Colleague: 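One structure, pasted below without further comment.
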Number of protein chains: 2
Amino acid sequence: MYGENAPPSWARLPGARCRAVEHLTKLEGLQEFELLAGLDEGFFQALAIASEVLEIGAGTALYREGEPSGAVYFMGEGRAKLYRSSGGRKARDQILGVVGDGSVLGLASALEGKPQSQGATALTDCVLYAVFRDDLVHLMASYPETSLRLARVLAARTRELEDLVGDLVFHSAPQRVARMLLDLATEEGRVTKRGVVFHPSLSRQEMAEATGISREALSRTLSRLAQEGILDLGGGKTVTILKPAELRART
Amino acid sequence: MYGENAPPSWARLPGARCRAVEHLTKLEGLQEFELLAGLDEGFFQALAIASEVLEIGAGTALYREGEPSGAVYFMGEGRAKLYRSSGGRKARDQILGVVGDGSVLGLASALEGKPQSQGATALTDCVLYAVFRDDLVHLMASYPETSLRLARVLAARTRELEDLVGDLVFHSAPQRVARMLLDLATEEGRVTKRGVVFHPSLSRQEMAEATGISREALSRTLSRLAQEGILDLGGGKTVTILKPAELRART
DNA sequence: GACGGTATTTGATCCAGGTCACACACGACT
DNA sequence: AGTCGTGTGTGACCTGGATCAAATACCGTC
């Protein structure tokens with residue numbers, strides 16, 4: 001589907017535009033990553049040189065499944081979903097994870113030097129630092145500590161994927177929905193006297209894809225929870241978890 | 001379930017015994033790993049010092065889920081299954097992968113320094129090289145190329161787990177069974193005039209756990225395939241794939 | 001406010017696969 | 001040989017969630 005030498009997808013993103021933020025230089029932005037905290041000054045210099053700041057609007061695809069992997073992306077600001085598509089005619093998607101500030105995207109495929117095994121799409125406007133594959137490998141060789149940290153990132157991703165598999169196989173749809181809501185809430189929620197309130201960054205369709213069920217089934221499950229007084233699906237797209245404990249019990 | 005300071009499980013394995021193989025020293029065994037090919041002589045010296053040869057019998061658990069991670073294991077000979085258990089009363093298992101010679105086990109948990117996120121059990125008699133966690137990290141720091149290689153191992157594991165998720169979500173049970181059979185056959189099969197013959201290292205129960213379905217459903221699916229002349233479930237536990245192409249078409 | 005397009009809800013139906021129950025096959029031990 | 005125990009095959013049933021179909025809510029635009 002994509003030629004071996006196709007340009008990196010972000011180069012042709014409609015949402016991509018030059019970054020024009022004065023209060024934060026590229027170097028300073030990179031130094032904010034907890035993942036890289038404590039590494040050499042020289043490392044950051046080299047990383048700043050090797051990287052590009054990238055700003056994309058909500059909804060734009062960072063990279064797609066099958067596309068050649070040209071770079072890894074450090075997420076400075078924003079949220080994105082990682083997903084896989086079924087090859088078939090009626091292409092369903094499965095969301096593998098939703099990542100936020102401080103995460104690394106596309107690392108596995110970049111290290112393997114294989115095409116992207118997943119797609120990534122911005123859920124909100126994002127600020128990213130792109131590091132090209134060869135530069136990354138070179139940096140890892142020059143600054144050994146970096147390799148170790150990135151290996152740990154991959155280890156964590158491995159665990160998350162195992163959790164996902166376990167969730168899909170062992171738990172029923174309502175249980176998975178409950179967990180998904182709790183996960184979203186801890187990332188995006190604000191605690192009030194009524195409960196935890198949030199504007200989900202995921203549409204119903206995407207929530208369904210994250211839980212591995214159909215959109216209709218998700219809708220029904222949410223309605224049921226609302227009916228039982230555990231959730232409040234307030235007017236303007238807001239979701240309020242009225243009884244977090246009740247919800248947790250359904251996991 | 002396991003105390004923080006429990007001894008590593010292999011120390012109390014009934015199947016564990018001293019290795020008494022003359023024709024192969026520990027050093028030579030380690031140098032056979034493709035994963036480590038081309039690394040410094042010094043590295044292998046250090047690795048040999050830091051590692052223990054371990055021989056376990058078929059069916060013994062190498063480590064269990066939740067157990068503290070003390071070491072990584074390089075699989076020299078044999079096959080093992082990696083799995084997750086559902087916490088519940090009727091503990092179901094899900095097999096995450098079946099690995100053979102040259103694989104690394106328990107790497108992710110060791111790097112994270114967290115308890116094992118999975119269990120590992122020998123399917124056949126195995127020869128393993130155990131490297132303790134701290135030694136591994138030290139080696140990775142001293143020999144940067146090692147970190148890169150291990151990071152690539154984790155990247156590959158990540159892709160495999162994504163594949164598993166996709167398989168579970170997108171494909172039906174018969175499709176997953178077909179793929180499982182083909183995977184097993186390529187690993188363990190021998191091509192004959194009748195088709196691909198093999199003694200599965202997995203029991204029916206385990207095949208079911210690998211495909212994420214019930215034992216009964218697996219049994220039925222196999223019978224169906226046999227009825228259709230695609231498979232021959234010969235007397236003595238052998239499986240023969242009579243029509244590999246037909247089977248592949250069912251994926 | 002009317003209109004067209006998209007996202008979501010709700011209802012009705014169907015079936016893949018889980019679960020239960022039991023029969024059978026095989027090996028190990030006495 | 002008998003008899004456990006463990007693995008496996010098969011039938012009968014039932015349900016969770018997919019799928020199809022249609023109604024409704026929600027936008028932005030004119």
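Since this is a predicted model, take the numbers as computed values, not measurements. Naming: A, B, ... by sequence-line order, numbering from 1 per chain. The figures here come from the full heavy-atom set of this structure, side chains too, leaving out hydrogens, waters and symmetry mates.
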Colleague: When the distance from CG of A:Leu202 to P of C:dT8 is rounded to whole Å, what number comes out?
Modeller: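 Those two atoms, CG and P, are 11 Å apart.
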
Colleague: Out of C:dT8, D:dG17, D:dG9, which has the shortest distance to the side chain of A:Gln205?
Modeller: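 Of all the options, the side chain of A:Gln205 is nearest to C:dT8.
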
Colleague: Between C:dT10, C:dG17, C:dT19, which nucleotide has the shortest distance from any of its atoms to the side chain of A:Ser223?
Modeller: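 Of C:dT10, C:dG17, C:dT19, C:dT10 is nearest to the side chain of A:Ser223.
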
Colleague: Minimum heavy-atom separation for B:Met180 to B:Met207, with atom names?
Modeller: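 Of all heavy-atom pairs spanning B:Met180 and B:Met207, the closest is CE-CB, 3.7 Å.
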
Colleague: Checking salt bridge (Lys or Arg N to Asp or Glu O under 4.0 Å) against B:Glu246, which of B:Lys243, B:Arg248, B:Arg250 comes through?
Modeller: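 Testing each of B:Lys243, B:Arg248, B:Arg250 against B:Glu246, the sole residue satisfying salt bridge (Lys or Arg N to Asp or Glu O under 4.0 Å) is B:Arg250.
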
Colleague: Any sub-3.5 Å donor-acceptor pair from B:Arg176's side-chain atoms to B:Thr211's backbone N or O?
Modeller: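 Between the backbone of B:Thr211 and the side chain of B:Arg176 there is a qualifying donor-acceptor contact (under 3.5 Å).
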
Colleague: What's the closest nucleotide to the side chain of A:Ser214 if the choices are D:dA18, C:dT10, D:dG17?
Modeller: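 Closest nucleotide among those given: D:dA18.
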
Colleague: Would you kindly give the CG-to-C1' distance between A:Leu218 and D:dG16, to the nearest whole Å?
Modeller: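 It works out to 15 Å between those atoms.
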
Colleague: How close or far is atom C1' of D:dG16 from atom CZ of A:Arg176, stated in whole angstroms?
Modeller: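 So the CZ-C1' distance, A:Arg176 to D:dG16, works out to 11 Å.
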
Colleague: Measure the distance from CE on B:Met207 to P on D:dG7 and round it to the nearest whole Å.
Modeller: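 For the pair B:Met207 CE and D:dG7 P, the rounded distance is 14 Å.
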
Colleague: Output the rounded distance in Å from CZ (A:Arg224) to P (C:dT9).
Modeller: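 It works out to 15 Å between those atoms.
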
Colleague: Rounded to the nearest angstrom, tell me the gap between atom CD in B:Glu206 and atom C1' in D:dT6.
Modeller: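 In whole Å, D:dT6 C1' and B:Glu206 CD are 14 Å from each other.
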
Colleague: Do NZ/NE/NH1/NH2 and the carboxylate oxygens of B:Glu187 and B:Arg79 come within less than 4.0 Å?
Modeller: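 B:Arg79 and B:Glu187: salt-bridged.
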
Colleague: In whole Å, what is the span from the NZ atom of B:Lys90 to the C1' atom of C:dG18?
Modeller: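 It is 10 Å, rounded to the nearest whole Å.
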
Colleague: Between D:dG7 atom P and B:Glu209 atom CD, what is the distance in whole Å?
Modeller: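 B:Glu209 atom CD is separated from D:dG7 atom P by 11 Å.
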
Colleague: Measure all distances between protein nitrogen or oxygen atoms and nitrogen or oxygen atoms of nucleotides 20-26 of chain D, and list the pairs falling under 3.5 Å.
Modeller:
| unit_1 | atom_1 | unit_2 | atom_2 | d |
| --- | --- | --- | --- | --- |
| D:dC20 | N4 | A:Glu216 | OE2 | 3.3 |

Colleague: Below 4.0 angstrom, N of the basic side chain to O of the carboxylate: do B:Lys81 and B:Asp93 qualify?
Modeller: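 Salt bridge flag = no for B:Asp93 with B:Lys81.
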
Colleague: Tell me if the centroids of the rings in A:Tyr73 and A:Tyr129 come within less than 6.0 Å of each other.
Modeller: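 Ring centres of A:Tyr129 and A:Tyr73 not closer than 6.0 Å.
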
Colleague: If you look only at pairs with a residue in residues 180-214 of chain B, which of them pass as a ring-ring contact (aromatic ring centres under 6.0 Å, His included), with sequence neighbours excluded?
Modeller: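 Matches after skipping sequence neighbours: none remain.
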
